[in-house]
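Comments concern the structure below.
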Amino acid sequence: MSKFLPLSQAVGENLGNGDVVAFEGFTHLIPHAAAHEAIRQGFKDLTLLRMTPDIIYDQMIGMGMAKKVIFSYAGNPGVGLLRRMRDAIENAYPRGIETVEHSHSAMAQAYEAGASGLPLALFRGYKGADLPKVNPDIRFIACPYTGEQLAAVPAHRPDVTFIHAQKANQKGDVLIEGIIGVQKEAALAAGRVVVTVEEVVPSFRGLHPNLCILPHWTIDAIAVVPGGAHPSYTHGYYERDNAAYLEWDRISADRDLFAGWIRENVLGKTPDAFADRVKGLRQ
Amino acid sequence: MSKFLPLSQAVGENLGNGDVVAFEGFTHLIPHAAAHEAIRQGFKDLTLLRMTPDIIYDQMIGMGMAKKVIFSYAGNPGVGLLRRMRDAIENAYPRGIETVEHSHSAMAQAYEAGASGLPLALFRGYKGADLPKVNPDIRFIACPYTGEQLAAVPAHRPDVTFIHAQKANQKGDVLIEGIIGVQKEAALAAGRVVVTVEEVVPSFRGLHPNLCILPHWTIDAIAVVPGGAHPSYTHGYYERDNAAYLEWDRISADRDLFAGWIRENVLGKTPDAFADRVKGLRQ
Amino acid sequence: MTDFTPNEMMTIAAARQLSNDDVCFVGIGAPSAACNVARLTHAPDITLIYESGTIGTAPDVLPLSIGDGELCETALATVSVPEMFRYWLMGGRISIGFLGAAQLDRFGNINTTVIGDYHHPKVRLPGGGGAPEIATSCGEIYITLKQAQRAMVERIDFYTSFGHGDGGDHRQRLGLTTRGPTLLITDLAIWRPDSESKEFVVRSLHRGVTRDMVQDTCGWTVRFSDDLEETPPPTAEELGTLRDLQARTAAAHAGARRAA
Amino acid sequence: MTDFTPNEMMTIAAARQLSNDDVCFVGIGAPSAACNVARLTHAPDITLIYESGTIGTAPDVLPLSIGDGELCETALATVSVPEMFRYWLMGGRISIGFLGAAQLDRFGNINTTVIGDYHHPKVRLPGGGGAPEIATSCGEIYITLKQAQRAMVERIDFYTSFGHGDGGDHRQRLGLTTRGPTLLITDLAIWRPDSESKEFVVRSLHRGVTRDMVQDTCGWTVRFSDDLEETPPPTAEELGTLRDLQARTAAAHAGARRAA
């Protein structure tokens, strides 16, 4: 059942050292504020699960919080590589990380399988690709009707999923709109769900019946954090801060610059900082 | 690519004797007008595919058009049994039909598998139930990760799917809203798709981005048939004609009454009749 | 409140078993009435889900079909039918699933498929619909049934949905982790499974019902609880709520009939 | 029109290959520019799909990321990412998929995963994203690439996505029914696979490009078509459309930067 909590408490009560955790968002609605709160609370030995680990996972990996990353595309979207993640993989700095790599399709369907109470996802995929050679989680099963070899991956069942959304109503139901990504599946596949939202509205009455909604009884905690997706964006609220993504390439290229940036912009800040960051980006 | 056609032509060009055909709709948006057109054109040896074969399949079976029905719930929703279908199964009148029976979950996922380019659907189902004993299409596969026995059914790939929807725009994109059922999956799983709509609007600009839409390039023909779902309903246009469902129980109970009803209300009518039928039900 | 029908008692007894925290997969008929009476009385925050994809509905009148427009118009959200079965039913999100039965045995196994042989049936019934997976995916199953010898039978003709099978730990042996049928509410009594054998045992008789009446309308030898109770009769509020709901429903459906 | 860059020629040559009936799975960068130039010139009804779930987009400026708001705002519909991959990509609805490459071999096999050994990489690249299934599910694959010795290699370090494998009927032997890479457009030339061997063969050189320039920037021994052509240079309309698009894009992104 949804509880409205301050972000620090929502994160503290639902994330633990060693957890498998997904901070999901597909370019849109990336839960930056929740990730920064996790960095401030200094969790350890996390398994980070996400289709597109981008800046927030680069930051968490750079802080040495991750032991493992399960992913399908590790890039700074539209900019280039993830330099803290590369440093961890190539140089074990600040610690080595294990990687489990999939295709987007496999990751999306592994979340969907988790949401569907299935132990695996089965699909027509990975033919001729090398990932099955380096990821033993990828298997093949013969279709009992056609004999075709189909790819299988284990379902994702994260201990906890964090997402950002536009609105909660007063009951704690949550509305996601625009590029909805894989957030509904990531939430329904998880043991616990924490949502940051831009605002709380009295009710969703009068909205179109087929919108993407998570009922309050699927959510553990909601924190109201205006701007909480910055430098990602929130459809209907504020635009993507493309400059910040470009700047991350420079910051993340240098270990000391990175550490200083985290001190100044994460450790030394509170969730309130996000509202200021999107002021110039509101539509 | 969508072509706007008169219903008679849309049906005539896309349905053929011996086809596997789905007329889908889950209580809402049942394509009665398209089914009546198929009855008028007198197709034979059809395999009728549908989660909830209700009045329209009762009518087509009663006319001897079906050789096989694949389904999960054969009832007159909220009323009782399907008496023409029973007569075919129990008494081979007017001809015997083969039945292939599934659960709702299996049927829905078989459509989804068809839409996803998969040869089968895999799910946690049918445990302890007798359907796997009488439906050899139902198989079990061991999960390669957990060893759990999971149920499998072949994907649905109908030759043609008929659905009814609220609106097309001038390009031939189609909008479905309200209880959306399994129509998107049934359409995307099919070789050909025919849609009847209440009306054509200039464009969908300004509608919410996450609505259920079939792009024009997934549809073969669109026929504008106001009231085309009657006695089912169209959300936002007219209500369900519950009395007609109750009356069907009486009509379908008697072979001659049935034949007379079809002569008068189907064979002797055109698609235009549907607009009149919903006049008193408009909201 | 003394003047009530057995069907009213059945519906209200079922409604009492539901709470605000429940997420119910609702069927048409008595379950729908029971769930909505609960919502309109002691459980205003209960979540009702119909397999048409409507989540969190609050209909003003009872639907005639599982997909009436009223369900969608009052729902928090309406999802596709594949999503309903995948994410919500099989995803394990439903706490209570309701099932009815054409035939029921003492272990809560249900037949709604055929009377007689499957391939040469005496009566071809509608079939299972969602029942095979409702029976295994919901946290627990409540069954509502009007008692009759032909409905409550020693051996059902077809296992449309699995209850406790042959009883005992049969569910666990199949790998099922949900509880299966935990409650049977008839027009005469409230039954719950024995904790070991899983056979339904009568725990409570509705007012005015005798043991003989229960046995006479049941095809197996009935077990009665040692501490058999009387079901508290409907309160004025419960009965008033149910009758108002049914009156609104009758008026609404008659309205549609006149319009046709 | 004589004054154009190799990148402009590459983008415009790719745009020309697209038609109104195509449904394109678009990647960021050159493919996105090419698809939108096609849409703004000869193929106004082309359907552009980005893997963020946006179907039928018509962005006024090029997105910086695959999920920019502009894509959703101008789309016919935006679906979830699982649906995008299931119903639209793997469901076989895409006629043309675009792929880029960090490493490419002569058979259209692509590496965007690692340089060096997978477990001890010299360079850890972003990985495949959607590529493994794009390569096998789309009707055909168009590859865009800026030529360089380190990019066009004899043997790629990792098969991120499968092209024609070892050539010949390798795709058929894997049970693939789609056509795979049918076009390679570089900043210097247009390549198409040999109908038998499936090795890429240069069919057309962009204006001012020599055979030596192509060979010097390619790590394998290049085959040139017997009837080698010159790629028609960009028309004024094509170049104007591309440059306007890029100017609008630069202004829009600079605007966001100022605002930050």
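Proteins get letters first, then strands, A, B, ... in listed order; numbering begins at 1 in each. No hydrogens, no waters, no symmetry mates; every other heavy atom, side chains included, goes into these values.
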query: Do you know the tightest heavy-atom contact between B/Gly178 and C/Thr78?
result: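 What the structure gives for the nearest pair is O-CG2, 3.3 Å.
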Closest approach of C/Gly128 to B/Glu101 (non-hydrogen atoms, all atoms of both residues):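 Scanning both residues completely, I find the closest heavy atoms to be N-OE2, 4.3 Å.
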Which atoms of [X] come close to chain C, meaning under 4.5 Å heavy atom to heavy atom: side chain ones, backbone ones, both, or neither?
X        : result
B/Tyr126 : both
B/Leu131 : both
B/Met51  : side chain
B/Phe123 : side chain
B/Phe71  : side chain

message: Using a 3.5 Å distance criterion without hydrogens, assess whether the side chain of B/Gln109 forms a donor-acceptor pair with backbone atoms of C/Arg86.
response: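 Not at all, since once roles are kept as given, no pair shorter than 3.5 Å links the two residues.
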query: When you measure from the side chain of C/Tyr118 to the backbone N and O of B/Val134, does any donor-acceptor pair fall under 3.5 Å?
result: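 Answer holds: no.
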For a 4.5 angstrom cut-off between non-hydrogen side-chain atoms, does [X] reach [Y]?
X        : Y        : result
B/Arg124 : C/Glu133 : no
C/Val81  : B/His104 : no
C/Arg124 : B/Leu81  : no

field: Side chain / backbone / both / neither for C/Thr160 at chain B, heavy atoms under 4.5 Å
entry: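 Only the backbone of C/Thr160 comes within 4.5 Å of chain B.
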Quick check for you: among [options], which has the greatest number of heavy-atom pairs under 4.5 Å with chain C?
options                               : answer
B/His28, B/His102, B/Glu185           : B/Glu185
B/Pro77, B/Gly181, B/Ser232           : B/Gly181
B/Ser103, B/Ser105, B/Ser72, B/Gly128 : B/Ser105
B/Leu82, B/Ile180, B/Ile179, B/Thr234 : B/Ile179

